[in-house]
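For clarity, every value in this text was computed on a predicted model and none was experimentally measured.
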Amino acid sequence: MRGKKRCTAQEFDAIRPRLENLKKRNVHAIQETLAGGRAPKAVAAELEFSNEAARRMAGKVSLSPVERDGRPEGRLSIGVMAPDLADLVTDMARQTKARLKQQEFLVKP
């Protein structure tokens, strides 16, 4: 049996930016289900969703990045930076990829 997905209001606020492409109504339904502790069935009845739609919306939101310090495993978090610095980082990444691709080409028989 799967455990219930619940989160605090602060945890939900941390994942809210990932929900920007959703309608406000859907974000409200997800918030009520995950942070509000209400059953998806009750939220679905209030907002005139199907029960399945309410369960799926809540299920799509993963709390794992919040549990791992707000970033997916294997990724680095870079803060806001100046445009010239961002260009430098992008150029460095492009050069590194090209170098790796060249090395990969040279290694193949």
Partners of R94 by side-chain hydrogen bond (donor to acceptor under 3.5 Å, both in side chains), sequence neighbours excluded? D91
Note, K97 side chain near K101 side chain (heavy atom, < 4.5 Å): no
Sort and list the pairs that fulfil salt bridge (charged side-chain N to carboxylate O under 4.0 Å, His left out) and have at least one residue in residues 37-47, not counting sequence neighbours. E32-R38, R38-E46
Please assess D13 against R16 for the test side-chain contact (heavy atoms from CB on, under 4.5 Å), listing each intermediate value before the final yes or no. CA-CA 5 Å; D13 288 340; R16 187 181 292 271; 3.8 Å; yes
List in chain and number order the residues that pass side chain to side chain contact (heavy atoms under 4.5 Å, CB included) with L47, two or more places apart in sequence or in another chain; answer none if no residue qualifies. R25, H28, A29, V43, F49
Are there more than 12 heavy atoms of other residues, nucleotides or ligands under 6.0 Å from atom CD of E52? yes
Closest non-hydrogen atoms of L19 and F12, given as atom of the first, atom of the second and distance, are CD1-CZ, 3.8 Å
Taking every non-hydrogen atom, the tightest pair across A44 and S50: CB-O, 3.6 Å
